[in-house]
Amino acid sequence: MDERIKAYETKMSKSYDSLLKDFGTIRAGRANPHVLDKITVDYYGTPTPLQQVGNITVPEARMLVIQPWEKKLIKEIEKAIMVSDIGINPSNDGSCIRLVFPELTEDRRKELAKDVKKKGEGAKVAVRNIRRDANDAFKKLKGSDVSEDEIKELEDEIQKLTDKYIKEIDKAVEVKSKEIMTV
């Protein structure tokens with residue numbers, strides 16, 4: 001593959017990976033520790049990711065248990081979960097925090113599926129913007145020692161890459177939507 005194309009493929013790949021990471025934070029009725037990825041806890045005045053202040057386990061299909069390494073962090077963790085947008089109330093038993101994931105209602109499932117599609121569209125727009133940037137860069141090569149045929153080849157290659165990543169994004173959206181909609 002041409003070096004000029006590799007940089008743009010890396011950017012497209014990062015857009016796709018970012019989408020998959022976003023999908024991991026969307027809860028689909030089962031307990032998934034990744035829904036806590038964006039939550040930070042005030043740890044001695046420093047915002048620290050929740051995963052770094054305690055152990056997160058999944059004892060049952062719809063329950064997460066957070067065991068902080070320091071007992072005094074329980075209140076901070078509980079507060080951080082309450083102010084986050086995951087929509088689950090933590091229950092604190094003094095030594096650990098339990099998060100019980102309720103069954104998703106049909107309306108909530110549809111809402112989440114719409115959100116998944118919206119994030120997918122955002123990722124497609126990002127990939128298309130990368131294609132546009134690449135094509136602009138290739139057009140600027142016209143005056144230099146690069147032939148028009150070579151520029152056309154580069155544009156065709158970047159289009160193939162774009163199509164590949166758009167297809168991957170569509171597949172990921174479909175899989176995640178199906179996961180959300182099945183009970």
Side-chain angles (χ1 to χ4, degrees), residues 1-40 47 49-52 56 58 61-62 64 81 84-88 99 101-183:
M1 182 183 281
D2 195 314
E3 283 301 314
R4 295 170 285 199
I5 297 282
K6 273 196 171 135
Y8 296 105
E9 184 183 22
T10 303
K11 289 179 183 180
M12 288 182 185
S13 175
K14 284 181 182 173
S15 294
Y16 177 69
D17 293 343
S18 173
L19 175 73
L20 294 181
K21 194 173 180 189
D22 266 359
F23 282 177
T25 64
I26 295 175
R27 64 184 181 95
R30 319 186 256 294
N32 180 351
H34 290 292
V35 299
L36 304 173
D37 283 354
K38 294 179 182 171
I39 297 177
T40 57
L50 183 56
Q51 291 84 342
Q52 294 179 13
I56 302 169
V58 186
R62 289 192 356 239
L64 286 178
I81 292 169
S84 72
D85 63 350
I86 63 170
I88 298 171
L99 296 175
F101 289 74
E103 278 291 327
L104 292 175
T105 63
E106 191 63 31
D107 289 343
R108 181 71 179 136
R109 286 179 193 280
K110 288 178 182 169
E111 200 177 293
L112 285 172
K114 271 187 205 168
D115 192 34
V116 164
K117 283 185 178 73
K118 196 165 108 182
K119 287 179 192 262
E121 285 305 315
K124 285 190 212 175
V125 167
V127 167
R128 289 183 189 123
N129 285 342
I130 294 165
R131 176 190 59 194
R132 186 199 58 224
D133 293 346
N135 285 338
D136 289 349
F138 299 153
K139 284 185 178 99
K140 287 179 184 167
L141 295 174
K142 225 171 229 175
S144 65
D145 59 344
V146 180
S147 71
E148 284 198 29
D149 287 343
E150 208 175 332
I151 290 172
K152 183 70 177 138
E153 261 180 51
L154 289 170
E155 288 173 348
D156 289 345
E157 248 183 275
I158 203 75
Q159 183 59 50
K160 285 177 189 165
L161 263 179
T162 303
D163 294 343
K164 172 188 158 195
Y165 279 100
I166 297 283
K167 203 177 286 180
E168 292 288 320
I169 290 168
D170 284 339
K171 203 182 302 175
V173 166
E174 187 181 323
V175 166
K176 189 64 178 181
S177 294
K178 203 175 282 180
E179 179 187 329
I180 289 169
M181 295 310 284
T182 54
V183 180

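Worth knowing before you read on, the calculation uses all heavy atoms, side chains too, and leaves out hydrogens, waters and symmetry mates.
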* Asked: Roughly how far, to the nearest 0.5 Å, is the CD1 atom of I166 from the CG atom of L161?
  -> 11.5 Å
* Asked: Are any of the side-chain nitrogens in E9 or K164 under 4.0 Å away from the carboxylate oxygens of its partner?
  -> yes
* Check whether any side-chain heavy atom of I158 lies under 4.5 Å from a side-chain heavy atom of Y8, and answer yes or no. => yes
* **Salt-bridge contact E121-K118 (side-chain N to carboxylate O under 4.0 Å)** => no
* Starting at NZ of K14, measure out to NZ of K21 and round the result to the nearest 0.5 Å. => 12.5 Å
* Hey, what do you get for CZ (R131) to CG (D163), rounding to the nearest 0.5 Å? -> 7.5 Å
* Between D156 and K152, is there a salt bridge with N-O shorter than 4.0 Å? -> yes
* How close do G120 and V173 get, heavy atom to heavy atom, and via which atoms? -> CA-CG2, 3.6 Å
* Short N-O contact, K171 and E174, less than 4.0 angstrom -> no
* Asked: Mind checking whether E168 and M12 have side chains closer than 4.5 Å, heavy atoms only?
  -> no
* So how far is it from I56 CD1 to Q51 CD, rounded to the nearest 0.5 Å? -> 4.5 Å
* To do: Please report the shortest heavy-atom distance between L154 and I5, naming the atom on each side.
  => O-CD1, 3.6 Å
* State, without any angle test, whether N129 and R132 hold a side-chain donor-acceptor pair at a distance under 3.5 Å. => yes
* Work out which heavy atom in S177 is nearest to a heavy atom in V116; give both atom names and the distance. => OG-CG1, 3.8 Å
* Does T10 use its side chain to pair, donor to acceptor, with the backbone of K6 at less than 3.5 Å? -> yes
* Structure fact -> dist L20:CG -> K176:NZ (nearest 0.5 Å) comes out at 10.0 Å
* Asked: So, for F23 and K119, which heavy atoms are closest and what is the spacing to 0.1 Å?
  -> CE2-CB, 4.0 Å
* Can you see which heavy atom on R109 is nearest to which on I180, and at what distance? => NH1-O, 2.5 Å
* To do: Starting at CG of L19, measure out to CD1 of I169 and round the result to the nearest 0.5 Å.
  => 6.0 Å
